[in-house]
2 protein chains.
Amino acid sequence: MRAQRPARRTPATDALSLDTKSRILDAAELLFMEHGFEATSLRQLTAAAGVNLAAVNYHFGSKEELFQAVLTRRLDPMNQERIDLLARYEREAGSKPLTCEKILSAMLIPALRLSRDEKRGGKHFLRVLGRAYADPAPFIRNFLSAQYAGMIARFKEAFLKALPHLTKQELTWRLHFVMGALSYTLAGTDSLKLMLQVITNDQDNDELLLQRLAPFLAAGLKAPLGDAKKLELVSGD
Amino acid sequence: MRAQRPARRTPATDALSLDTKSRILDAAELLFMEHGFEATSLRQLTAAAGVNLAAVNYHFGSKEELFQAVLTRRLDPMNQERIDLLARYEREAGSKPLTCEKILSAMLIPALRLSRDEKRGGKHFLRVLGRAYADPAPFIRNFLSAQYAGMIARFKEAFLKALPHLTKQELTWRLHFVMGALSYTLAGTDSLKLMLQVITNDQDNDELLLQRLAPFLAAGLKAPLGDAKKLELVSGD
DNA sequence: GCATGATTCAAACGGGCGTTTGAATCGTGC
DNA sequence: GCACGATTCAAACGCCCGTTTGAATCATGC
């Protein structure tokens, strides 16, 4: 029933006359960001893409598979870029262990590059991704853990060398916090900016943002092990 | 059309025979956590609560207003508890400024208390909340910024005193990161635990978690101001 | 220039959605 | 013990959903 892609291409003179598949992916990226997965209907999506309603099921199979395609289109290259950058840093450092900041850079820079690249969906995609992290739908959760498993394992190994005072378990938690702050920050809904009264007119916004995030995360990662007595559920007064 | 609450109460001998309103709120909290707002239908919700389909519209007006009621029921007391705890700490400290860790405790402890209180919805609510942070629906975003404005302003003021080396703007960003790591962590979907291969059998899970989160966040908040040259978008090799 | 398979299209399918309605029931104050 | 407002209930309303269908159109290889 599904087709192999034929060799046909529209002459690339008009940037708007892309593949049907690409037009669907672009419209989906935008609308999933604006309204979320559940609240975006295939009717408004195909209308925005200028394609027939049935095209999504024809090219992607289902709405869920379309969502996974939206994610994988950007996420696979970004995570590969992270791994490659980390490998390059390690090569350049020779036998010396990388600093925590350097490893963090290998995580943040590809995300920042993507966010600034309007031709690759820019910020739209990162918002969709940040929202997907919090989505309880099983097909999303399974997809994301599969997508991230390799990259996370690779970076955990690198951080372990850079932070020898941490146990494996402690590092796992701290990486969890890092991912939290990162996804929350990159997904950055406007309401939260409003909530914190951040002024965000600037276009180089994200660059400034990551320059602030990196020292924060590096300090957190390097923190000494906690006393396990700092937080007490004191009830009486 | 809407009614004032009458004095009627079922005899509290049976914990399951609550108000219709409370039963709806409890079922909504659970289902919104499991499936999200959009993916939860009023039919399954009212069936789970054991009430008539029309009861949601009768008691709350609409599905959206029900969602706000679910949030406000827990969030208002929790944020008030945070403010009160901070005030108590300040009183106890006299004229000395609070430490960063102490202020953080005032933020984290009420959340931890709530998360461990099964009678107040326990973890369910915090997941709903974490997910709401990432939701693009305007009615949710406006509601959340209104709910948080007072609490955040109060804590920002306290942190400013504890961290005199930070500018107001820098602190705003760091609080943004703190909220990100906190909400992501408390919302903690299982997929992310899976992704990071965290073993989470323990029931006192959340307590351990916050004991790890607090030193991480404190270190991040106390970090020296960044160089603004650490992150470079180097492209060539 | 026709056969073939890929793609597009309009239309319809069955079903679930949030909300409304108006009558039945309940609980209380008089 | 009755009147009245609060609450519950079954049923229906109108609408939009994701998906499927089968015919029309297109692009290509022979």
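Chain A is the first sequence line, chain B the second, and so forth, proteins listed ahead of strands; every chain is numbered from 1.
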With B for base contact, S for sugar-phosphate-only contact and - for none (protein heavy atoms under 4.0 Å), nucleotides 15-20 of chain C reads --BBBB
Notebook entry, point to check: Do A:Arg73 and A:Asp26 meet the salt-bridge criterion of a basic N to acidic O distance under 4.0 Å?
Noted result: yes
message = I'd like to know if the side chain of B:Ser183 reaches the main chain of B:Met179, judged simply by a donor and an acceptor atom lying under 3.5 Å from each other, with no hydrogens or angles considered.
response = yes
Whole-Å distance, A:Leu45 CG to D:dG18 P, equals 9 Å
Check: Are the side chains of B:Phe159 and B:Arg174 in touch, meaning some heavy atoms are under 4.5 Å apart?
Finding: no
Presence of salt bridge, A:Arg141 and A:Asp135, under 4.0 angstrom: no
For this session: Indicate the ring-plane relationship of A:Tyr184 and B:His176, choosing parallel, tilted or perpendicular according to the 30° and 60° boundaries.
Result: perpendicular
To the nearest angstrom, the CG-P distance between B:Leu18 and D:dT8 comes to 13 Å
- Query: Does A:His59 put a side-chain nitrogen or oxygen below 4.0 Å from OP1 or OP2 of C:dA6?
  - Reply: no
B:Asn79 and B:Met151 have their tightest heavy-atom pair at OD1-CE, 3.4 Å
message: When you measure from the side-chain N and O atoms of A:Thr20 to the phosphate of C:dT8, is any distance below 4.0 Å, counting only OP1 and OP2?
response: yes
